[in-house]
Amino acid sequence: MKPATKFIHAGAHPDPSTGAIMTPIYQTSTYVQEAPGVNKGYEYARSQNPTRKALEEALAVIEEGKFGLAFSSGVAATDSVIKLLKPGDEVIAANDMYGGTYRLFSKIYEKFGIVFHYVDMGNVQNIENCINNKTKLIWAETPTNPLMNIVDIKAVASLSKKYNLLLCVDNTFASPALQNPLTLGADIVMHSATKYLGGHSDVIQGALMMNDQALRDELYFIQKSCGAVPGPMDCFLVLRGIKTLGIRMERHSQNGAAIAHYLQKHPAIKKVYWPGFSDHPGYEIAKSQMKDFGGMISFELKDDSIEAAMKVLSGTKLFSLAESLGGVESLINHPATMTHASIPREERIKNGLSDTLIRLSVGIEDAEDLIEDLEQAIKGA
Ligand SMILES: *Cc1c(COP(=O)(O)O)cnc(C)c1O
């Protein structure tokens with residue numbers, strides 16, 4: 001099935017009791033049993049819910065995987081993957097990734113004795129240098145948030161196979177419409193479904209997709225035992241969002257390309273971070289593992305004062321100043337004080353995330369209007 005069809009039909013079956021074409025929101029906590037232990041496959045809604053089941057089926061299909069699991073947030077999905085580990089186990093993660101992932105690893109899991117190494121994954125050798133007999137998991141994110149670095153998923157997957165490790169890829173920025181890490185050898189794909197999957201800035205949710213039955217069973221056991229499950233209304237919203245994922249990502253990518261090139265040519269702009277430029281260090285890999293480059297762009301002004309960056313951040317009218325990304329509406333964000341404030345400043349600066357970096361989540365509005373908005377905000381600075 002071609003992607004455009006797949007996104008619309010994934011996990012969709014008419015409701016068996018009424019024929020409703022959309023999976024209903026099964027707003028229930030429990031299910032009546034005919035006799036003790038005799039049930040229709042549903043016992044208690046932390047363990048099973050039909051709306052969640054339809055979504056989880058869709059999640060598997062859109063990521064080219066066998067299984068999907070939905071969680072109450074992206075970080076809850078990440079949390080469940082780390083719960084596969086035990087004290088003493090080691091994880092290799094990127095030195096440039098979503099701030100909340102770093103916070104979960106460093107502030108919650110370090111104290112349980114799990115050891116994290118943060119490396120520049122642009123060079124796969126850096127990962128291999130950290131592997132020892134305690135290493136269990138490689139945690140990769142590509143493109144990275146917010147510096148848009150690219151990790152070679154195939155190369156990291158062959159490394160993780162060689163040493164018998166698990167590879168989990170946070171695929172939030174690309175979305176399943178642009179990149180499918182399972183087909184490149186990853187064991188688990190993680191999504192903040194809050195972003196492109198939901199697509200309308202109206203839900204918090206997370207997802208894991210995988211191919212291995214035993215791994216699925218282990219993660220399902222964690223999902224039901226720890227209980228970070230999404231409610232049925234939220235599952236319905238993400239199911240609905242997925243239907244337009246293909247067409248939305250086409251437009252996000254078109255608008256993203258138009259704005260990246262506009263910024264690149266702008267005399268007031270010092271640097272634009274976008275993997276679609278042929279001189280981006282990850283360009284060739286991005287071109288081979290992604291269908292398009294998406295709508296996420298970061299940039300810095302030539303005027304490197306905080307004041308100038310703040311003027312742009314508060315000067316846009318269509319781009320709303322807010323955390324998050326991946327919705328139909330365009331957002332502007334200041335990683336240093338917003339999405340990435342949980343990373344210590346020295347750590348941030350060392351990894352190239354400056355105090356003046358501005359991040360855009362380009363929406364699906366008309367590109368001309370978006371460029372006009374950026375133009376007036378940059379002029380004002
Ligand atoms: C937002 C985000 C997360 C966390 O997801 P939540 O749904 O906010 O819990 C993880 N990774 C990336 C890349 C994100 O952008």
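No hydrogens, no waters, no symmetry mates; every other heavy atom, side chains included, goes into these values. Atoms within a ligand are numbered from 1 in the order they appear, just like the ligands themselves.
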| task | Start with the C-alpha distance between Y109 and D79, add both sets of side-chain angles, then the distance that settles side-chain hydrogen bond (donor to acceptor under 3.5 Å, both in side chains), and finish with yes or no. | result | CA-CA 9 Å; Y109 278 108; D79 177 71; 2.6 Å; yes
| remark: By ring-ring contact (aromatic ring centres under 6.0 Å, His included), H266 pairs with (sequence neighbours left out) Y262
| request: For residues E128 and K162, report the shortest heavy-atom separation together with the two atoms involved. | output: OE2-NZ, 2.9 Å
| said: I'd like the residue list for ligand 1, meaning every protein residue with a non-hydrogen atom under 4.0 Å from the ligand. | reply: S73, G74, V75, Y98, E141, N145, D170, T172, M190, S192, T194, K195, Q205, L325
| query | Between S361 and S330, is there a donor-acceptor pair closer than 3.5 Å when you use the side chain of the first and the backbone of the second? | reply | no
| request: Give a yes or no answer on whether the side chain of T356 reaches the backbone of S305 with a donor-acceptor pair at less than 3.5 Å. | output: no
| field | Parallel, tilted or perpendicular, as decided by the 30° and 60° cut-offs, for the rings of Y118 and Y102 | value | tilted
